[in-house]
Engineer: 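Please find one structure pasted underneath; my questions will follow.
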Amino acid sequence: MLRIGVLGAGHLGKIHLNCLQQLPASYELVGFYDPDPKLAETVSQEKGIKAWEKLDELVDASDVVDIVTPTLSHFECAQTVLQKGKHLFI
């Protein structure tokens with residue numbers, strides 16, 4: 001089973017979270033990280049998905065990371081994910 005984490009819970013991040021919740025049982029959505037604590041709490045409550053407080057902890061708990069952050073942060077996020085030896089989707 002592949003564990004998937006999502007970076008970003010903005011407009012597109014919510015769409016990705018919805019899609020990932022519908023994947024077959026061979027995948028597990030472990031949660032998401034967003035640097036805005038108010039947004040993270042709201043999305044977590046609305047969707048019933050765990051909001052991680054630290055990016056590194058979400059990446060460590062995931063096999064695959066879906067990066068849905070603003071374009072300017074893609075490189076930094078991807079670098080973090082790849083340095084930890086994880087698969088990624090941008």
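Heads up: numbering here begins at 1 and tracks the sequence.
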Engineer: I need the His16 NE2 to His11 NE2 distance, nearest 0.5 Å.
Structural biologist: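 Between atom NE2 of His16 and atom NE2 of His11 there are 9.5 Å.
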
Engineer: Are Leu20 and Leu39 joined in one hydrophobic group, where the rule is that I, L, V, M, F, W and Y side chains link up if heavy atoms are under 4.5 Å apart?
Structural biologist: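 As far as the 4.5 Å side-chain criterion goes, Leu39 and Leu20 are connected within one cluster.
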
Engineer: If you look only at pairs with a residue in residues 69-83, which of them pass as a salt bridge (Lys or Arg N to Asp or Glu O under 4.0 Å), with sequence neighbours excluded?
Structural biologist: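 Of all non-adjacent pairs touching residues 69-83, none passes salt bridge (Lys or Arg N to Asp or Glu O under 4.0 Å).
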
Engineer: Among pairs that include at least one residue of residues 2-21, which meet salt bridge (Lys or Arg N to Asp or Glu O under 4.0 Å), considering only residues two or more places apart or in two chains?
Structural biologist: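 For residues 2-21: Arg3-Asp63.
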
Engineer: Can you pull out every salt bridge (Lys or Arg N to Asp or Glu O under 4.0 Å) where at least one residue sits in residues 37-50? Sequence neighbours excluded, please.
Structural biologist: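 Residue pairs passing salt bridge (Lys or Arg N to Asp or Glu O under 4.0 Å), neighbours aside: none found.
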
Engineer: Check the surroundings of atom CD in Gln79: do more than 12 heavy atoms from other residues, nucleotides or ligands lie under 6.0 Å from it?
Structural biologist: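 More than 12 within 6.0 Å, yes.
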
Engineer: Distance from Leu58 atom CG to Trp52 atom CH2, nearest 0.5 Å?
Structural biologist: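 Those atoms lie 6.5 Å apart.
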
Engineer: Only pairs under 3.5 Å count here: list side-chain donor-acceptor contacts from residues 82-90, not counting sequence neighbours, and write none if there are none.
Structural biologist:
from: Lys84; atom 1: NZ; to: Asp60; atom 2: OD1; distance (Å): 2.9
from: Lys86; atom 1: NZ; to: Asp60; atom 2: O; distance (Å): 3.4
from: Lys86; atom 1: NZ; to: Ser62; atom 2: O; distance (Å): 2.8

Engineer: With sequence neighbours left out, write down each residue that passes side-chain contact (heavy atoms from CB on, under 4.5 Å) with Ser44, or none if nothing qualifies.
Structural biologist: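 Ser44: side-chain contact (heavy atoms from CB on, under 4.5 Å) contacts with Phe32, Ala51.
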
Engineer: Rounded to the nearest 0.5 Å, how far does CG of Leu7 lie from OH of Tyr33?
Structural biologist: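 One finds 9.0 Å between OH of Tyr33 and CG of Leu7.
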
Engineer: With a 4.5 Å limit on heavy-atom distance, are the side chains of Val43 and Ile49 in contact?
Structural biologist: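 No, every pair of side-chain atoms sits at 4.5 Å or beyond.
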
Engineer: Between Leu23 and Leu29, is there a side-chain heavy-atom distance shorter than 4.5 Å?
Structural biologist: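 Contact flag for Leu29/Leu23 side chains = no.
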
Engineer: Establish whether Val81 and Val64 are linked, either directly or via other cluster members, by ILVMFWY side-chain heavy-atom contacts under 4.5 Å.
Structural biologist: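 Not linked; separate clusters.
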
Engineer: Tell me the salt bridge (Lys or Arg N to Asp or Glu O under 4.0 Å) pairs involving residues 22-36, sequence neighbours left out?
Structural biologist: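 Residue pairs with at least one partner in residues 22-36: there are none.
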
Engineer: Check whether Leu2 and Ile67 end up in the same hydrophobic cluster, where Ile, Leu, Val, Met, Phe, Trp and Tyr are linked by side-chain heavy atoms less than 4.5 Å apart.
Structural biologist: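 No; tracing contacts between hydrophobic side chains, which count when under 4.5 Å, never links both residues.
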
Engineer: Any chance you could measure Leu12, atom CG, to Thr69, atom OG1, to the nearest 0.5 Å?
Structural biologist: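 Separation between the atoms: 10.5 Å.
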
